[in-house]
Structures are given as C-alpha cells and as structure tokens.
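For reference, the structure discussed in these notes is given below.
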Amino acid sequence: MNLAESVVSTALLTLSDLLIQEATFLDGVKEEVIGMQLELRRMQSFLKDADSRQDEDETIRNWVSEIREAAYDVEDIIEEFALKVALRRRSGVVNVVKRYATIAKESVELHRVGSEIQIIKSRISDLTKSLETFPIQPRESFGSSLPGGRQQQQQHLRRSYSHIVEDDIVGLEDDVKILVEQLVCSEKTVVSLHGMGGLGKTTLAKKIYHNSEVRDHFEAFAWAYISQQCQTRDIWEGILFKLINPTKEQREEISNLRDDELARKLYQVQQEKKCLVILDDIWTVGTWNKLRPAFPCGTGNFLSKILLTTRIRDVALYPDPTCFLHQPRHLNDEESWELFKRKAFLGINYPGFIIRAKMEELGREMVGKCTGLPLAIIVLGGVLAKKTTIYGWDTVRRNIVSHLMKGGGHEQLFGVSEVLALSYHELPYQLKPCFLHLAHFPEDYEIPTKKLIRMWVAEGFISCTDNEEMEEIMEDVAQCYLDELVERCMVQVVERGSTGRIRTCRMHDLMRDLCLSKAKLENFLEIYQLRSKDHSGYSSPSSMVCETRSVGRLRRLAIFVDGDLKKFIPSRYRRNSHVRSLLYFHEKACHVDKWGSIKSVFNNFKLLRILDLEGIQSHDGKLPKEIGKLIHLRFLSLRDTDIGELPLTIGNLMYLQTLDILTWNSTVQIPNVIWKMQKLRHLYLPESCGDDSDKWQLATLCNLQTLVNFPAEKCYIKDLLSLTNLKKLVIDDPKFGLIFKSRGATFNRLESLSFVSNEDSTAIQVITQCPNLYKLHVEGQIEKLPECHQFSSNLAKLNLQGSKLMEDPMVTLEKLPNLRILRLQMDSFLGTAMVCSDKGFPQLKCLFLCDLPNLEDWKVEEGAMLNLCHLLISNCTTMKMVPDGLRFLTSLQKLEIRSMLKAFKTRLEVGGEDYYKIQHVTSAVFRYCDY
C-alpha cells in the first residue's frame with residue numbers, strides 16, 4: 001500500500017469535513033465534491049496493487065506520483081476556498097457570503113472551485129483509463145504489498161538456507177549460550193527472536209541450529225524460510241520431509257494427503273519425537289495462523305521446540321505470549337571493528353596483515369556510521385575489500401551513506417536499504433505517513449512522543465474512522481501507531497514514563513536514512529539545512545544544504561538552523577503557498593532580529609497546519625497580527641520563545657488543536673480570545689497570562705484534554721467542571737479543591753493532576769473524586785493522607801511536596817498496587833521514623849527522599865520494594881545511616897546520595913561500616929557530601 005493511498009484518504013476526509021462543516025457554502029458544487037469523492041475511492045483500490053508494481057515499470061511509478069499530486073490538489077482547492085470564506089466572514093460581508101449559498105451558480109468563487117474540481121476529476125479519470133495498458137487490478141485486501149516483480153526477486157535472493165553458515169561471527173557468543181539453554185533446559189515450547197532488519201537474527205538462528213549441544217538434545221531438525229510469500233502446504237511438506245527423512249514412496253504418499261491430513265501428520269511427528277523446527281522470517285500474525293494447525297505449541301508438550309525469527313514483536317509473542325523472547329543487541333565499538341576487519345581484509349591474509357594507520361583511521365570512522373548494525377558493517381567491509389588504496393577508502397568515506405544503503409553495486413546482492421525497505425513496504429498504509437513524518441527530525445534527535453502524536457493528529461494522519469469513538473481518542477490511536485512502529489523495530493524507545501508509555505524515541509541512523517530517501521521519493525517533505533561558518537548571522541547560499549528535493553509542490557518543510565536567523569523563509573521557498581507544516585530545529589541558541597520578520601510565513605504559507613517555533617528568541621517580543629491568516633493551523637508551538645504578547649487575531653485560529661506557549665518564570669499577554677478556539681485539545685500556558693482584567697470563558701473548550709497552568713487570575717474556577725474530557729491538569733490555585741464540594745463534581749477522565757492544597761479535607765476530596773489518576777503531584781499541606789482505597793488504583797507516579805505529614809506515609813503508600821515512582825520532598829514528612837514493610841511497594845521502581853530534615857530512622861524490611869531500581873537520598877541530614885534492608889534490594893542499580901553529612905558518605909564508601917548494604921549496587925553517586 002502506497003503513501004499515495006494515505007494522501008487520497010486524507011483528501012477524502014477533507015472533502016467529508018467540507019460537506020459537513022461548510023455545507024451552507026457548497027450548494028453550487030456539492031455534486032462535484034461528491035463525484036470527486038467517488039473517483040478517489042475508486043482510485044484507492046487500484047493504488048493497493050500499483051504500489052507493489054512501482055519497481056517494475058517507471059510509467060507505473062509516475063502514475064502513482066500523479067495520483068498523489070492530484071489528491072494534494074483537491075486538498076488545496078478545498079482549503080483555499082475555506083480560507084476565502086473565513087476571510088469574508090471576518091470582514092463583515094455577511095450578505096455576500098449568504099449569496100454564495102443561495103445563488104451558487106452566480107458565485108465566481110464557487111464556479112472556480114467547481115471548475116477546478118472537474119478538471120482534477122478528469123485528470124484522475126484519464127489516469128484510470130491509462131491503467132488498461134498495465135496488468136493492474138483493483139484490490140480490496142490489505143495483505144502483503146510484495147506480490148511480484150523486483151520485490152519477489154529480492155525475496156528469492158534473501159531466502160535463508162540452513163546449510164550456509166556464516167563463519168565470521170562476532171558478538172553473538174552470549175546470545176548463543178542463552179538460547180541454547182532455553183531450548184535444551186527450559187520447558188517453554190517457543191523461543192522467539194525479534195529485531196530490526198540486518199541485526200543478525202537469521203545468523204544467530206543458524207548458529208543455534210548447528211550447535212553441538214542442540215544437536216545432541218534433539219532427534220530431528222527442520223529449517224523453513226517463511227517470508228511474505230507463505231505457501232502453507234509447501235512449508236508443511238518441507239518441514240515434514242526433513243523431520244522424517246521419507247523414502248520415495250512415502251514422499252508420494254505425503255504429497256497425496258489432504259491439507260488437514262498433512263497438518264495432522266506433522267503435528268503427530270512433533271509429539272512423538274524431540275524435534276527442533278526453525279521458522280525464519282515470519283512477517284504477520286496471519287501467516288502464523290495459517291501454519292499453526294501443524295504445530296503442538298502451547299499444548300503442554302515439551303519434547304519439540306519451535307524457534308522463530310521476525311522483525312515484529314507482536315508476531316514474536318503471538319504463537320505463545322509466555323514464550324522466551326530475545327532481541328539480539330547491536331555490536332559495541334570493538335565488536336564492530338573486529339567484524340569489519342574480517343570482511344574488509346579477507347583477501348589480504350587477515351589477521352596477519354598490518355593495517356596502515358590512515359586506513360584504520362578511515363575504517364574506524366566509517367564503522368562508526370554503521371552504529372553496531374551487523375548487516376551495515378558486512379556491506380561496508382564488502383565494499384572496501386575491493387579498495388586497495390587510501391584514496392579508494394577516502395572516496396567511500398565521503399559517500400558512506402550511499403555505499404551502505406546501495407551496497408557494492410551489481411556484484412553485491414543487497415545493500416542495507418533493500419533489507420530495511422522490506423519493513424517499510426510491509427507497513428499498513430495508515431502507518432506510512434507516520435513513519436515518513438519522522439524524517440523531519442535531525443539525526444540522533446530524541447523525539448518527544450506527545451509532541452509527535454499531536455503533529456500526526458494535526459496533519460490528518462489519524463482518521464476518525466480508525467476507532468469507533470472518533471475524535472475523542474485520536475491521540476490514543478496515534479499512540480497505537482507509534483507503538484506498532486516500535487514493535488516493528490523501525491523506531492527505538494529512548495525513555496518510558498511511569499505508566500510505561502513511550503516518553504521519547506529516536507530512529508537508528510540507517511533507518512533514518514531509509515526514511516529520508518522514501519520521503520524524497522514520495523515528495524513527502526524537504527529538509528533545508530543552514531550552516532554558518534561563523535555563528536554571527538545567516539549562512540551564505542553556498543553553505544546551504546538541501547538534503548531532499550521535491551519533484552512536485554512542497555508540502556512540508558523542516559529547517560535545521562546552525563546559528564541565528566535573519567529571515568524565516570529562504571528565498572527559494574517563498575512562492576510555495578501549499579506548505580502544510582513548517583518546523584525549525586536548532587541545537588544551540590537561535591535568535592532572530594525581530595518577530596516582525598515572521599510575517600513572510602503568515603503571508604506566504606496560509607494553508608499551514610503545523611508551525612513549530614520552539615526555542616527561537618528575539619529582542620522584539622510581540623507576535624504579528626498576521627498570524628490570524630492561518631485559519632487552517634492545527635498545531636502552534638511557541639514554547640521557550642521570548643514572545644511577550646499575542647495579538648487579538650490569534651482568536652481567528654478556530655481549528656487550532658494544540659497551542660503551546662509554555663515559558664516558565666515569564667509573562668505573556670494573552671487577549672481574551674481563547675474561548676473561540678473550540679477545537680483546542682492541548683493548551684500549555686505560561687505561568688502568567690498578563691494583567692487583563694477581563695475574565696476568560698473556558699467552558700466552551702469541551703474538547704480540551706490538556707490544560708497546563710490554569711490561569712486562576714483570569715478564569716472562573718467552576719469552568720473546569722465543563723471540561724469533561726480533561727486528561728491532564730496543572731493548576732496552582734488553592735481554590736481548586738472547592739469545586740469538589742459541588743454535588744457530583746468528578747473528573748473521571750483525568751489521568752495526570754498537579755495541584756496546590758491548603759487544607760486536609762480539600763486534598764482528600766480532590767484525590768477521591770479523580771478516580772482514574774495515573775500521576776499525582778500535590779504541593780502544600782495535607783497533614784493526613786487519604787486511605788489507600790481512596791487513591792486511584794492506577795496511580796503510578798506520586799509527588800508530595802510540603803505536605804507536613806506527621807504520620808508515617810509509607811503505611812498507606814506501600815499498599816498502592818501500581819505505584820512506580822514516589823517522591824517525598826520539602827517537608828512532605830515531618831516525623832522522625834519511617835518503615836517500608838515486607839511485601840510493600842510491589843511495583844516501585846524509583847524512590848526519592850529529599851529535604852526531610854526530621855527523618856532519623858528509616859527501616860526497610862526484607863521483602864519490601866523488591867523491584868526498586870533507583871534510590872535518591874538528598875538533604876535528609878538527621879539520618880545517620882541507610883537502612884540495613886538495602887542489602888535485600890537486589891534489583892537496585894543506582895544509588896544517589898546528595899547534600900548529606902560527610903560521615904554518612906564515609907560509612908557507604910568501600911571499607912565503610914555500611915558498605916556491605918550497597919556493595920551489590922551497580923552505580924553509587926555521591927554529590928555535595930563534604931560538610
């Protein structure tokens with residue numbers, strides 16, 4: 001399925017939205033819009049087949065590209081029309097607008113829209129007729145996109161054979177040991193290997209297959225290469241033949257069996273004998289379901305075992321959710337260099353060959369670009385094995401990405417790109433734009449997933465038909481899309497939050513290179529990189545690097561800035577009025593002379609949906625009023641900018657979903673227009689929104705899910721009761737608790753809450769009437785905690801600050817079943833003794849005890865906090881020693897001691913009285929403990 005199919009789907013959504021939201025103004029062209037919808041839906045079915053044939057014929061590739069551009073053009077016409085209607089509304093020409101509805105045929109604008117739609121419809125009809133010259137058929141199935149042609153040839157060339165074993169293997173020794181033990185000693189029937197393409201899963205499986213201990217343990221062996229083109233009967237027959245080694249007569253008998261008889265016979269053989277079956281390269285759950293009737297896994301039979309390899313974690317777990325799941329790691333620097341030497345110097349008597357210093361310098365630099373991916377290192381070694389001069393090596397170094405991705409030309413069967421591209425081709429069409437969108441972000445960039453997900457929603461990648469509850473949970477659908485990209489090993493998790501959700505992610509460098517190349521091929525985005533020799537100003541044209549060039553209209557633009565900005569839009573882009581998203585990235589401080597220069601963005605890119613200006617600074621802190629022209633804007637980030645005032649026209653952004661003006665310790669003058677943005681889903685405000693005396697009305701924001709820094713001085717606190725979709729709320733108004741005195745006041749959807757408490761009863765009411773909290777931060781006096789059952793059972797993260805509790809909080813908190821992170825800070829506990837009991841805190845991973853000056857005695861019983869990984873003790877100066885019970889915390893990996901007395905530190909150092917308590921801890925860090 002092609003990205004073009006996703007573009008067509010987005011265009012269909014745009015047309016549907018127009019028919020629903022702007023129906024009054026469409027009377028004259030409604031038939032054209034509906035006709036366009038039908039034509040696009042018809043085209044979608046052809047795109048499913050055409051995508052898989054693009055490599056076969058350049059004409060088909062051009063056809064797909066033209067369809068994509070035509071769908072983009074439909075969006076442009078619709079959104080330009082909506083823009084003009086909106087501008088007329090604001091200009092007060094109400095009668096003219098009504099005239100468009102009642103006398104549509106006399107309307108110049110509607111006539112133009114209808115004519116342009118008809119032209120595009122004719123274009124698509126002509127393209128459809130041209131399909132008659134190609135063997136392309138409409139398809140409704142969502143199966144594999146790799147049915148034939150070049151991709152089928154690639155599958156044949158990639159086929160794994162068990163008898164071909166790679167001798168030069170590095171870094172798999174521990175993996176082999178672990179897997180052999182699981183196959184020989186464990187009672188688990190299924191062992192699954194998963195990981196990104198090129199990681200060495202098949203190589204590892206072959207090592208296991210031929211391992212002497214494995215050979216001694218099992219009686220029969222079979223290797224089956226599955227891949228995307230799974231012919232079930234052929235696979236069953238092939239496995240059975242290998243397990244029983246049949247005579248010619250038995251082969252003929254097996255060949256004449258019905259499918260169900262064949263599956264039963266293979267099943268019985270695995271029950272009667274100790275068999276090891278390796279299923280290499282399974283891509284889908286559906287493939288396993290086809291194969292499943294012939295395998296007795298999960299039935300209590302522990303004689304035979306299955307080892308399978310896949311790129312997709314869900315597939316790895318599907319045959320048996322309790323299976324042993326193993327992911328091979330990337331090679332470290334020395335392992336990478338060793339593998340490279342074995343490949344690059346094979347023809348010159350390695351290892352006796354003495355490597356020249358310059359050659360080693362170049363080699364190590366290039367190996368670093370492979371980032372531990374074995375396939376990339378093997379490809380690089382193969383390319384350089386044919387280069388015998390320093391000049392030849394340096395030439396490869398200068399074009400390292402191209403050589404890695406393409407391999408060694410015709411002599412080399414595969415480059416890295418062809419292997420990784422299989423993962424891209426297998427993506428469902430709705431995931432392809434989400435994957436390509438990741439190309440926006442710089443190399444090694446840690447991508448905040450909340451921001452990413454909101455951009456996907458703003459782009460229209462998440463269809464409201466993807467879930468029954470539609471818009472209310474589009475972010476949840478987007479989260480599932482991201483999870484699936486992670487499960488397919490196309491995105492790497494950097495950090496997870498307390499609830500297990502992905503907080504930040506990144507792409508492997510070579511996967512990012514693939515993403516960039518596909519984004520370029522699909523005309524998805526363009527990256528413009530500004531490099532300045534000195535950092536005093538804008539770089540000269542000669543130093544500008546355009547990493548991707550689009551062949552059609554530019555839709556998305558990411559600008560990487562090194563230094564300061566003199567203008568927001570490079571001259572070459574000023575006529576690109578069809579840009580939908582504009583993102584700026586900068587590693588260091590980025591300044592612009594004055595915010596007024598951003599008018600060029602507002603005047604030229606009127607169809608923008610996403611504008612990310614995070615971190616850009618200027619001496620002039622006022623945003624120009626021309627921003628009101630961007631009525632299609634869905635996502636606007638001004639986070640960490642120094643903008644001090646927003647114009648009144650910000651209220652024109654009626655479709656805005658995310659508004660981020662979060663700047664700590666600053667004031668931004670915001671006019672009383674937020675209430676107009678009724679599509680807002682995520683609102684991040686500064687600590688102060690100015691001194692305007694007008695009261696805001698937030699009750700109109702019924703779609704709001706996130707509200708950070710509720711402006712108590714400008715809003716009615718009771719308006720929060722109308723925000724029934726709130727999932728996250730940060731509020732520092734002590735009056736917040738009073739609204740819970742209202743009958744039936746609850747926040748059933750609230751998952752994250754940060755509030756200020758000043759009286760016991762208020763805090764208890766707040767906590768008990770937010771029954772589904774995952775994260776809770778309470779600042780201010782509580783005196784007494786609610787009972788354990790009054791907390792949300794989902795609570796995973798709790799931060800208490802200044803609570804002034806006199807009773808030991810651990811008695812209650814250790815009973816919370818899902819608590820993973822606990823912070824007790826700044827006089828949150830004023831007592832002298834604290835006890836963590838046996839079986840207490842069953843899920844706790846992190847515990848932070850900070851600024852508790854009265855705490856003298858802390859006891860940890862054996863059996864408490866069995867999953868604790870990170871412990872921080874800071875400025876608890878009355879505490880004389882750590883608990884003896886720390887020695888039972890075998891999971892503890894990191895201990896931080898800050899701002900404690902020197903004697904406390906001395907007891908914990910090697911040779912100290914308390915060292916035995918923490919000697920098992922991987923990392924112990926002491927800071928500011930010398931007084």
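In this chain, residues are counted from 1 in sequence order.
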List the atom pairs, with distances to 0.1 Å, where a side-chain N or O of residues 885-892 and a protein N or O form a donor-acceptor pair under 3.5 Å, not counting sequence neighbours.
from   : atom 1 : to     : atom 2 : distance (Å)
Arg887 : NE     : Asp884 : OD1    : 3.3
Arg887 : NE     : Asp884 : OD2    : 2.9
Arg887 : NH2    : Asp884 : OD2    : 3.3
Ser891 : OG     : Leu866 : O      : 3.0
Ser891 : OG     : Leu868 : N      : 3.2
Ser891 : OG     : Leu868 : O      : 2.7

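Within 6.0 Å of atom CG in Asp174, 12 or fewer heavy atoms from other residues, nucleotides or ligands are found, so the atom counts as exposed in its surroundings. Residue-environment remark: CD (Glu181) stays at or below the threshold of 12 foreign heavy atoms within 6.0 Å. Other residues, nucleotides and ligands contribute at most 12 non-hydrogen atoms within 6.0 Å of the CG atom of Asp333.
Put simply, the side chain of Phe221 reaches to within 4.5 Å of the side chain of Arg215, judged on heavy atoms. Counting only heavy atoms from C-beta outward, the side chains of Phe324 and Leu179 approach each other to under 4.5 Å. Side-chain contact between Thr504 and Arg506 is absent, with no heavy-atom pair separated by less than 4.5 Å. In this structure the side chain of Trp283 never reaches within 4.5 angstrom of the side chain of Val315, judged on heavy atoms. Side-chain contact between Leu380 and Val396 is present, with heavy atoms from C-beta onward closer than 4.5 Å. Under the 4.5 Å side-chain criterion, counting only non-hydrogen atoms from C-beta, Leu482 is in contact with Gln479. Counting only heavy atoms from C-beta outward, the side chains of Trp236 and Lys265 never approach each other to under 4.5 Å. Side chains of Cys275 and Phe218 form no contact here, defined as non-hydrogen atoms less than 4.5 Å apart.
Between Glu495 atom CD and Thr449 atom OG1 the span is 9.5 Å, to the nearest 0.5 Å. Annotation: the span from Asn867 atom CG to Gln843 atom CD amounts to 6.0 Å, rounded to 0.5 Å. Separating the CG atom in Leu847 from the CG atom in Leu872 is a distance of 8.5 Å, to the nearest 0.5 Å. Going from atom CD1 of Ile282 over to atom OG1 of Thr310 covers 7.0 Å, rounded to the nearest 0.5 Å. Taken to the nearest 0.5 Å, the SG atom of Cys515 stands 10.0 Å off from the NE2 atom of His437. Taken to the nearest 0.5 Å, the CG atom of Leu844 stands 11.5 Å off from the CG atom of Asn818.
Between Arg364 and Glu334 there is a salt bridge, since at least one side-chain N of the basic residue sits less than 4.0 Å from a carboxylate O of the acidic one. Between Arg342 and Glu338, at least one side-chain N (NZ, or NE/NH1/NH2) sits under 4.0 Å from a carboxylate O, which counts as a salt bridge. Salt-bridge formation is detected for the pair Arg397/Asp394: a Lys NZ or Arg NE/NH1/NH2 atom is positioned less than 4.0 Å from an Asp or Glu carboxylate oxygen.
Residue Ala205 comes nearest to Thr309 through the heavy atom pair CB-CG2, 4.0 Å, listed as atom of the first residue, atom of the second, then distance. Residues Leu243 and Ala222 approach most closely at CD2-CB, 3.8 Å, considering heavy atoms. Nearest approach of Cys323 to Val190, heavy atoms of both residues: CB-O, 3.2 Å. The heavy-atom pair separating Leu317 from Leu325 by the smallest distance is CD2-CD2, 3.9 Å. Scanning both residues, Leu819 and Ile821, for their nearest heavy atoms gives CD1-O, 3.7 Å. The nearest pair of heavy atoms linking Ala294 to Gln270 is O-NE2, 2.7 Å.
Remark: the Thr371 side chain and the His508 side chain contain an N/O donor-acceptor pair separated by less than 3.5 Å. Judged purely by distance below 3.5 Å, without hydrogens or angles, the side chains of Glu487 and His194 never pair a donor atom with an acceptor atom.
Although no hydrogens or angles enter the test, the distance criterion places no donor-acceptor pair under 3.5 Å between the side chain of Lys201 and the main chain of Pro328. A distance-only check finds no donor-acceptor pair linking the side chain of Lys518 to the backbone of Leu436 [under 3.5 Å]. No donor-acceptor pair under 3.5 Å is formed between the side chain of Lys369 and the backbone N or O of Asp509.
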